[in-house]
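Structure, as structure tokens:
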Amino acid sequence: MSLSISFALLFGIIVVLLIRGNAVKTGPEIACVLFGFFLASSSLAPSISNLVTGVADAIAQIRL
């Protein structure tokens, strides 16, 4: 059985869990959100996307 979800949804769930668990305070939350927002619109975005896709593909190829 294969499960496929988007990375945005996965990281969104992680962020919500961290915020609800008080693991991240308000200042760092805002800084992380702004960093992600500006990083997504930078020239590094395609390279980061390719790296994440490559790692996900490599993990998908692992047979246990």
Side-chain angles (χ1 to χ4, degrees):
M1 181 175 154
S2 177
L3 178 66
S4 176
I5 61 172
S6 73
F7 282 114
L9 178 62
L10 177 65
F11 288 128
I13 292 170
I14 291 170
V15 167
V16 168
L17 291 174
L18 288 173
I19 291 170
R20 290 189 61 149
N22 291 327
V24 181
K25 302 297 179 201
T26 306
E29 284 173 13
I30 294 170
C32 288
V33 168
L34 290 174
F35 176 70
F37 177 78
F38 287 114
L39 187 62
S41 63
S42 73
S43 61
L44 290 174
S47 298
I48 293 169
S49 179
N50 289 339
L51 174 68
V52 171
T53 302
V55 170
D57 289 342
I59 292 172
Q61 295 296 323
I62 296 174
R63 300 283 185 230
L64 297 176

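Numbering starts at 1 and runs along the sequence shown.
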Below 3.5 Å, can you tabulate the donor-acceptor pairs from side chains in residues 31-49 to any protein atom, sequence neighbours excluded?
| unit_1 | atom_1 | unit_2 | atom_2 | d |
| --- | --- | --- | --- | --- |
| Ser41 | OG | Phe38 | O | 3.1 |
| Ser42 | OG | Leu39 | O | 2.8 |
| Ser42 | OG | Leu44 | N | 3.2 |

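- Looking at residues two or more places apart in sequence or on another chain, you find a side-chain contact (heavy atoms from CB on, under 4.5 Å) between Leu18 and Ile14, Ala23, Val24.
- Annotation: side-chain contact (heavy atoms from CB on, under 4.5 Å) contacts of Val16 (sequence neighbours excluded): Arg20.
- Screening Thr53, Ile59, Asp57 for a side-chain contact (heavy atoms from CB on, under 4.5 Å) with Val55, the sole residue that qualifies is Ile59.
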